[in-house]
Amino acid sequence: MTALDSARDADISEIRAMLERGSAAWNRGDGAAYGEQFTADATDVTYAGTVYRGGPEIGRAHQALFDSFLKGTKLAVEIVDLRFHGAGTAVVVARGEVYKGKPKRLGKLATYTVVREADGRWRIAAVQKTRHKRFLEALSFRFQPATRPAAARTA
């Protein structure tokens with residue numbers, strides 16, 4: 001294993017740990033800790049289409065959600081793709097779900113742009129979330145097979 005491979009493996013572990021810290025903060029209902037996983041100028045496009053800007057605003061808004069609509073919920077996140085674009089930037093595609101009890105299915109997808117900041121920590125610079133619409137996807141693949149991405153054959 002080369003030094004570059006070791007550094008890349010360390011970055012992957014740190015990115016995973018950052019996403020796990022975000023999930024743990026969510027699970028505790030801790031908006032401030034959730035917001036700390038984002039850069040000061042981050043963009044969070046929620047599943048509902050709301051756009052929040054900056055870790056502090058993301059944390060504040062999520063605390064309000066944790067205290068009301070999302071009280072007692074948990075967040076599951078599973079990385080399905082992670083690609084680096086230079087030494088300090090990566091794009092992460094993840095499946096996830098907000099749930100109480102047990103998640104039935106990880107039915108949402110999120111695309112994260114993550115960056116290594118000056119302090120050496122990886123943080124989320126941007127995230128956009130969407131619902132995976134399996135039925136519509138299956139129809140598309142059935143009636144127009146050329147729409148099936150190569151990754152869909154294995155996912």
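Quick caveat: nothing in here was measured; it's all calculated off a predicted structure. Side chains are part of it too, since the values below use all heavy atoms of this structure and drop only hydrogens, waters and symmetry mates. We're numbering straight along the sequence, starting at 1.
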If you measure from [atom1] on [X] to [atom2] on [Y], what distance do you get to the nearest 0.5 Å?
X    : Y    : atom1 : atom2 : value
I12  : I79  : CD1   : CD1   : 9.0 Å
E20  : N27  : CD    : CG    : 11.0 Å
Y112 : I124 : OH    : CD1   : 5.5 Å
S13  : R8   : OG    : CZ    : 12.5 Å
R16  : L82  : CZ    : CG    : 7.0 Å
I58  : T50  : CD1   : OG1   : 12.0 Å

Next on the checklist: Ignoring hydrogens, what is the shortest heavy-atom contact between T130 and Y47? Give both atom names and the distance.
Outcome noted: C-CD1, 4.0 Å
Checklist outcome for this item: All heavy atoms of R83 vs all of H85, minimum pair found to be O-CD2, 3.6 Å
Taking [Y] as the starting point, is it possible to reach [X] by hopping between hydrophobic residues whose side chains are less than 4.5 Å apart?
X    : Y    : answer
V77  : L65  : yes
F84  : V114 : yes
Y52  : F69  : yes
W122 : L75  : yes

Next on the checklist: Quick check against the 3.5 Å criterion: does E57 have a side-chain atom that pairs as donor or acceptor with the backbone of A40?
Outcome noted: no
Please tabulate, for the side chains in residues 97-104, all donor-acceptor contacts under 3.5 angstrom to protein atoms that are two or more places apart in sequence or on a different chain.
| unit_1 | atom_1 | unit_2 | atom_2 | d |
| --- | --- | --- | --- | --- |
| E97 | OE1 | G107 | N | 2.9 |
| E97 | OE1 | R131 | NH1 | 3.4 |
| K100 | NZ | K71 | O | 3.2 |

[X]: which residues meet the salt bridge (charged side-chain N to carboxylate O under 4.0 Å, His left out) condition with it, sequence neighbours left out?
X    : result
E117 : R123
K129 : D44
R116 : D11

Checklist outcome for this item: Residue set satisfying side-chain hydrogen bond (donor to acceptor under 3.5 Å, both in side chains) with R21, at least two apart, ordered chain then number -> Q37
Checklist entry - Can you list the residues that meet the ring pair (Phe, Tyr, Trp, His ring centres under 6.0 Å) rule with F38, with sequence neighbours excluded? => result Y34
Next on the checklist: Any heavy-atom pair between the side chains of D30 and F66 that's under 4.5 Å?
Outcome noted: no
